[in-house]
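Before any comments, here is the structure.
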Amino acid sequence: MATRSFRSTALVATVGAVGLVLLLHGCGDSRSTSPQVGPAATGDVVSDLVGSQVGLWSAVFDAPIVQLHVHLMTDGRVLSWGRNGDPQIWDPATGAFTPAPSPAWLFCAGHDFLPDGRLLVAGGHIDDGKGLPNSTLFDPVSGTWQSGPPMTQGRWYPTNTVLPDGEMLTIAGTDENGVNVTIPEVWNGTSWRQLTGASKAFPYYPRMFVAPDGRLYYAGEDTYTWFLDVTGNGSWTGGPTRVYTVRDYGSAVMYAPGKILYAGGGDPPTETAEIIDLNDPAPQWRFTGSMMFARRQVNATVLPTGEVLVTGGTSGSGFNNPVGATLAAELWNPETGSWTTLAPNSVVRIYHSTALLLPDGRVLSTGSGDGGDGTNELNYELFSPPYLFKGLRPIVTTAPPPTVSYGQRVFVGTPDAAILAKVTLVRFGSVTHAFSMGQRLVPASFTPALGGVSIDLPASRAVAPPGPYMLFLLNAAGVPSVGRIIRLQ
């Protein structure tokens with residue numbers, strides 16, 4: 001109890017000034033109908049000083065649905081849907097929502113991006129615990145849906161993961177009768193095949209990642225982890241045991257190639273976090289620094305810097321307890337393993353909340369409700385991380401080609417080549433239920449060139465699975481450029 005009291009006092013000391021700034025600038029609890037356009041330093045010395053330490057939240061903006069499935073698209077807009085209502089396309093530049101009715105009920109489906117930038121959605125909703133066998137694709141270029149061939153079984157709460165060869169793995173979930181689906185399926189672009197040699201039961205929405213050796217790695221929610229080889233009929237190999245117990249509704253993210261952070265989750269919720277490096281010959285999980293607050297129903301978002309932002313969640317026991325909800329964001333530093341408490345948002349975001357990195361470097365925070373006895377939050381907020389208040393951003397004057405190849409050297413024009421410290425690629429987020437399927441950060445090497453930089457794109461499909469990415473230039477202060485969208489294939 002003494003520790004918790006100390007932490008609460010520390011939070012008040014950290015964010016008290018932020019609350020004053022939010023009040024002065026019309027943020028906090030106020031509601032609005034359109035977002036602020038263009039994240040950057042405000043020009044106010046006090047606001048920018050506070051923002052550089054703990055970031056800054058926008059006002060709360062209205063949304064037509066509970067955005068519990070959210071996906072960045074190749075034109076920079078965001079596709080989302082909830083349990084009820086039509087899917088929506090949100091434009092960050094204007095705040096406008098446009099309906100995009102789907103041919104299937106996509107609530108509690110799995111999803112990830114194909115190499116061509118389309119979103120493949122597997123499964124959907126018949127009733128609670130009972131899933132559709134549908135495969136549904138969204139084309140961001142035409143803004144249209146297409147129905148694909150059905151899977152062998154329905155899936156409710158599955159995970160999609162794009163494979164190094166561009167095929168898509170779908171795993172777990174429950175079928176039309178509420179029975180756990182144990183056999184994974186792989187989409188090859190025209191049809192599905194079952195991995196009959198890889199039958200295994202998993203919890204809802206397994207935290208799956210492509211490992212550096214090309215296998216798939218199951219990181220949780222269970223304590224025991226597994227590697228999946230998708231060749232032939234598929235096969236599983238046991239992986240290292242995590243150090244914490246079950247992390248249900250905790251969030252996991254690949255913050256660097258082969259390196260995974262798994263934070264929070266459990267009942268009662270935990271503040272602990274653990275990491276693993278799958279590049280090691282004998283990888284093992286180990287604890288990193290603990291968050292300031294225990295969190296369940298938490299979202300972890302990798303940032304262009306390689307840091308990881310966590311938002312939302314609750315420290316209250318039970319499935320979805322609003323008592324104990326956490327408003328303060330936190331930022332994990334992979335170099336030190338430590339967490340920094342950031343500014344608090346305004347809306348309680350627990351079960352069915354989501355968070356998504358945008359190309360401009362802000363993070364969309366939305367959802368919560370549409371089930372779990374929670375309040376339906378028909379709104380969203382935008383978080384500007386501290387890096388947006390630490391000076392001028394690198395400028396991109398010549399964008400990379402929209403479609404690029406593995407190992408290709410591309411030119412990016414910038415007047416800031418001399419001050420760049422690193423270049424990173426962040427794969428598009430496709431988020432639901434405290435997990436972003438396919439999200440990862442991949443660094444890229446670069447050299448100065450006349451009028452800009454030459455960037456060497458990753459050569460390995462396992463390190464950087466094909467699909468859409470944001471390319472960021474960062475200076476020594478960790479300030480990113482606006483992300484430029486590319487498709488690696």
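All figures in this text were calculated on a predicted structure; none of them were measured in a lab.
- In the model, Ser365 has no side-chain atom that pairs as donor or acceptor with a side-chain atom of Thr311 under 3.5 Å.
- Considering only heavy atoms from C-beta on, Leu309 comes within 4.5 Å of Leu342 through its side chain.
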Steps toward side chain to side chain contact (heavy atoms under 4.5 Å, CB included) verdict (Leu106, Trp145): CA-CA 12 Å; Leu106 303 179; Trp145 293 94; 3.4 Å; yes
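- The closest side-chain heavy-atom distance from Thr301 to Val253 is not below 4.5 Å.
- Ring planes of His71 and His111: perpendicular class, angle over 60° (limits at 30 and 60°).
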Test log, rule side chain to side chain contact (heavy atoms under 4.5 Å, CB included), inputs Val412 and Val396: CA-CA 7 Å; Val412 174; Val396 174; 3.8 Å; yes
Check against side chain to side chain contact (heavy atoms under 4.5 Å, CB included), Leu474 and Thr305: CA-CA 8 Å; Leu474 296 98; Thr305 56; 3.7 Å; yes
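- Side-chain atoms of Arg77 and Thr98 form no donor-acceptor pair, as typed in the model, at a separation below 3.5 Å.
- Classification of the His125-Trp156 ring pair by plane angle, with boundaries at 30° and 60°, yields tilted.
- Residues Asp75 and Pro140 approach most closely at OD2-O, 4.3 Å, considering heavy atoms.
- Between the side chains of Asn188 and Thr190, at least one donor N or O lies within less than 3.5 Å of an accepting N or O.
- Residue Gly250 comes nearest to Val298 through the heavy atom pair CA-CG1, 4.1 Å, listed as atom of the first residue, atom of the second, then distance.
- The pair Arg427-Asp112 meets the salt-bridge criterion, since a charged nitrogen lies less than 4.0 angstrom from a carboxylate oxygen.
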Test side chain to side chain donor-acceptor pair (under 3.5 Å) applied to Asn134 and Thr136, step by step: CA-CA 6 Å; Asn134 298 46; Thr136 312; 4.9 Å; no
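- Side-chain rings of Trp81 and Phe97 stay apart, their centers remaining 6.0 Å or farther from each other.
- In terms of modelled atom types and a separation under 3.5 Å, the side chain of Ser315 and the main chain of Ala294 share no donor-acceptor contact.
- Counting heavy atoms from C-beta on, the side chains of Thr314 and Thr326 never come closer than 4.5 Å.
- Atom-to-atom distance recorded for Ile126:CD1 and Asp175:CG is 8.5 Å, nearest 0.5 angstrom.
- Under the 3.5 Å distance criterion, with hydrogens and angles disregarded, a donor-acceptor pair is assigned to the side chains of Asn379 and Arg349.
- Side-chain contact between Gln439 and Ser430 is absent, with no heavy-atom pair separated by less than 4.5 Å.
- Under the 3.5 Å distance criterion, the side-chain polar atoms of Trp57 are left unmatched by any main-chain donor or acceptor of Glu381.
- No side-chain heavy atom of Leu195 sits less than 4.5 Å from a side-chain heavy atom of Asn233.
- To the nearest 0.5 Å, atom CG of residue Leu132 and atom SG of residue Cys108 are 11.0 Å apart.
- Put simply, NZ on Lys259 and CG on Leu441 are 11.0 Å apart, with the number rounded to the nearest 0.5 Å.
- A salt bridge does not link Arg193 to Glu185: none of the charged side-chain nitrogens sits closer than 4.0 Å to a carboxylate oxygen.
- Note that CG of Asp213 is 8.0 Å distant from CG of Leu278, once rounded to the nearest 0.5 Å.
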Worked check of side chain to side chain donor-acceptor pair (under 3.5 Å) between Ser199 and Thr182: CA-CA 5 Å; Ser199 179; Thr182 61; 3.0 Å; yes
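- Partner Phe209 forms a ring-ring contact (aromatic ring centres under 6.0 Å, His included) with one of Tyr262, Phe227, Phe435, Tyr217 and no other, that one being Phe435.
- For Val66, the side chain to side chain contact (heavy atoms under 4.5 Å, CB included) partners are Leu68, Asp370, Asn376, Leu378, not counting sequence neighbours.
- Taking both residues in full, the closest heavy atoms of Val54 and Pro386 are given as C-CG, 4.0 Å, listed atom of the first, atom of the second, then distance.
- Under a 4.0 Å N-O distance rule, the pair Arg83/Asp128 qualifies as a salt bridge.
- Contact detail for Pro206 and Ala172: the closest heavy-atom pair is CG-CB, 3.5 Å.
- The CG atom of Leu137 sits 6.0 Å away from the CG atom of Leu114 when rounded to the nearest 0.5 Å.
- Note: Tyr255 and Trp332 meet the aromatic proximity criterion, with ring centroids under 6.0 Å apart.
- In summary, the aromatic rings of Phe428 and Tyr469 are positioned with their centroids too far apart to meet the 6.0 Å limit.
- When all heavy atoms of Phe472 and Ser481 are compared, the pair lying nearest together is CD2-O, 3.2 Å.
- Aromatic rings of Tyr224 and Tyr218 (six-membered ring for Trp) have centroids beyond the 6.0 Å cut-off, not under it.
- Ring centroids of Trp285 and Tyr244 are separated by 6.0 Å or more, keeping the two rings apart.
- Ser353 and Asn299 form a side-chain donor-acceptor contact under 3.5 Å, judged by distance and modelled atom types alone.
- Proximity of Pro480 to Tyr387: side-chain heavy atoms (C-beta onward) are separated by under 4.5 Å at one or more points.
- Inter-residue side-chain proximity for Glu221 and Arg207 is flagged as met; some heavy-atom pair is nearer than 4.5 Å.
- A salt bridge does not link Asp222 to Arg242: none of the charged side-chain nitrogens sits closer than 4.0 Å to a carboxylate oxygen.
- Within the model, atoms OG of Ser135 and CH2 of Trp192 stand 6.0 Å from one another, a figure rounded to the nearest 0.5 Å.
- Tyr205 meets the ring-ring contact (aromatic ring centres under 6.0 Å, His included) test with Tyr157, His433; sequence neighbours excluded.
- A side-chain donor-acceptor contact under 3.5 Å links Thr403 and Arg487.
- At distances below 3.5 Å, at least one donor-acceptor pair connects side-chain atoms of Asn320 with backbone N or O atoms of Gly372.
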Test log, rule side chain to side chain contact (heavy atoms under 4.5 Å, CB included), inputs Leu473 and Ile455: CA-CA 10 Å; Leu473 310 179; Ile455 299 171; 4.1 Å; yes
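- Taking a 6.0 Å sphere around CG of Asp165, one finds it holds more than 12 heavy atoms contributed by other residues, nucleotides or ligands.
- Taking every heavy atom of both residues into account, Gln297 and Ile350 meet most closely at CB-C, 3.6 Å.
- Counted by atom type alone, Glu377 and Ser368 present zero donor-acceptor pairs between their side chains at under 3.5 Å.
- Annotation: side chain of Val78 is not in contact with side chain of Gln88 (no heavy-atom distance under 4.5 Å).
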Stepwise side chain to side chain donor-acceptor pair (under 3.5 Å) test for Gln194 and Thr196: CA-CA 6 Å; Gln194 289 185 294; Thr196 54; over 6 Å; no
Chi angles and distances behind the side chain to side chain donor-acceptor pair (under 3.5 Å) call for Thr170, Asn160: CA-CA 5 Å; Thr170 298; Asn160 279 13; 2.9 Å; yes
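- Less than 6.0 angstrom separates the ring centroid of Trp90 from the ring centroid of Tyr380.
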